[in-house]
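Structure first, commentary second.
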Amino acid sequence: MSRSGVAVADESLTAFNDLKLGKKYKFILFGLNDQKTEIVVKETSTDQSYDAFLEKLPEDDCLYVVYDFEYEISGTEGKRSKIVFFTWSPDTAPVRSKMVYASSKDALRRALNGVSADIQGTDFSEVSYENVLETVSRGAGSH
């Protein structure tokens, strides 16, 4: 349970493990259920296009996203993959929604083992491919 009393639904953990271990999904959108009591899976996708993910982000509401981010490191390393956790909270979202998502984030974040990077997005520039690439590759040398 989080400070807001919101629980993480079992299906959310199952979907995360399917992405992490089974590589079943490219990304998962999580959100609060209508009663604001549980964090549930809103949608899963196998679409490899980063733009397809960006198109799913609502302009005026909050979401959590787990994304299996693949990138290449120059030199001999080749392709790498990092699981990135996004908190999407656009400036145009209702204040109440932003507050509930902010206070519930820890419950979901703590439940997801194996996330390499956290991205807080309030506008599309903050979740751009280049921005995420910079964040994940900064941590790449330390593993």
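What you see below is based on every heavy atom in this structure, not just the backbone, and it leaves out hydrogens, waters and symmetry mates. For this chain, numbers begin at 1 and follow the sequence in order.
Side-chain atoms of V84 and V115, non-hydrogen and from C-beta on, never get closer than 4.5 Å to each other. Residues L63 and P58 meet the side-chain proximity criterion, which asks for heavy atoms closer than 4.5 Å. Under the 4.5 Å side-chain criterion, counting only non-hydrogen atoms from C-beta, P90 is not in contact with E59.
Judged purely by atom type and a 3.5 angstrom limit, K36 has no side-chain atom pairing as donor or acceptor with the backbone of V6. Although no hydrogens or angles enter the test, the distance criterion places a donor-acceptor pair under 3.5 Å between the side chain of S12 and the main chain of I39. In this structure, the side chain of W88 does not engage the main chain of L57 through any donor-acceptor pair within 3.5 Å. When atom types are taken as modelled, the side chain of K20 and the backbone of N113 share a donor-acceptor pair closer than 3.5 angstrom. Under a 3.5 Å cut-off, the side chain of K42 and the backbone N or O of L32 do form a donor-acceptor pair.
Y101 is linked by a ring pair (Phe, Tyr, Trp, His ring centres under 6.0 Å) to Y64, counting only residues two or more places apart in sequence or in another chain. Residues satisfying the side-chain hydrogen bond (donor to acceptor under 3.5 Å, both in side chains) test with Q35, not counting sequence neighbours, are N33.
Neither side chain, D60 nor T92, offers a donor N or O lying under 3.5 Å from an acceptor on the other. At a cut-off of 3.5 Å, with distance as the only test, a side-chain donor of S125 or D123 sits close to an acceptor on the other residue. A side-chain donor-acceptor contact under 3.5 Å links D61 and S97.
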Quiz prompt | Full working for side chain to side chain contact (heavy atoms under 4.5 Å, CB included) between F30 and V41 | solution = CA-CA 5 Å; F30 297 98; V41 174; 3.9 Å; yes
Quiz item: side chain to side chain contact (heavy atoms under 4.5 Å, CB included) between K24 and L19: does it pass, once the steps are laid out?
Solution: CA-CA 5 Å; K24 201 163 154 188; L19 177 147; over 6 Å; no
Quiz prompt | V8 and E38: CA distance, side-chain angles, deciding distance, side chain to side chain contact (heavy atoms under 4.5 Å, CB included) verdict | solution = CA-CA 5 Å; V8 179; E38 260 192 329; over 6 Å; no
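Distance CG/L133 to CD/E130: 7.5 Å, rounded to 0.5 Å. In this structure, CD in Q120 is found 5.0 Å from OG1 in T87, a value given to the nearest 0.5 Å. With values rounded to the nearest 0.5 angstrom, Y67 atom OH is found 10.0 Å from S81 atom OG. One distance of note links CZ of R110 with NZ of K105; it measures 11.0 Å at 0.5 Å rounding. Separation of atoms CG (L13) and CG (D18) is listed at 11.0 Å; rounding is to 0.5 Å. For the atom pair D68 CG and K26 NZ, the distance stands at 5.0 Å (nearest 0.5 Å).
The side chain to side chain contact (heavy atoms under 4.5 Å, CB included) test with E126 is passed by exactly one of V132, I119, N131: N131.
Here the shortest heavy-atom pairing between V65 and F27 reads CG1-CB, 4.3 Å. Contact detail for E70 and Y129: the closest heavy-atom pair is O-OH, 3.5 Å.
Between F53 and F86, the distance from one ring center to the other falls under 6.0 angstrom.
One hydrophobic cluster, built from ILVMFWY side chains closer than 4.5 Å, holds both V100 and L108.
Salt bridge status for E43 with K56: present, with a side-chain N to carboxylate O gap under 4.0 Å.
Below 30°, between 30° and 60°, or above 60°: for F69 and Y50 the angle between ring planes is above 60°, a perpendicular geometry.
Through direct or indirect side-chain contacts shorter than 4.5 Å among Ile, Leu, Val, Met, Phe, Trp and Tyr, L21 is connected to no other residue.
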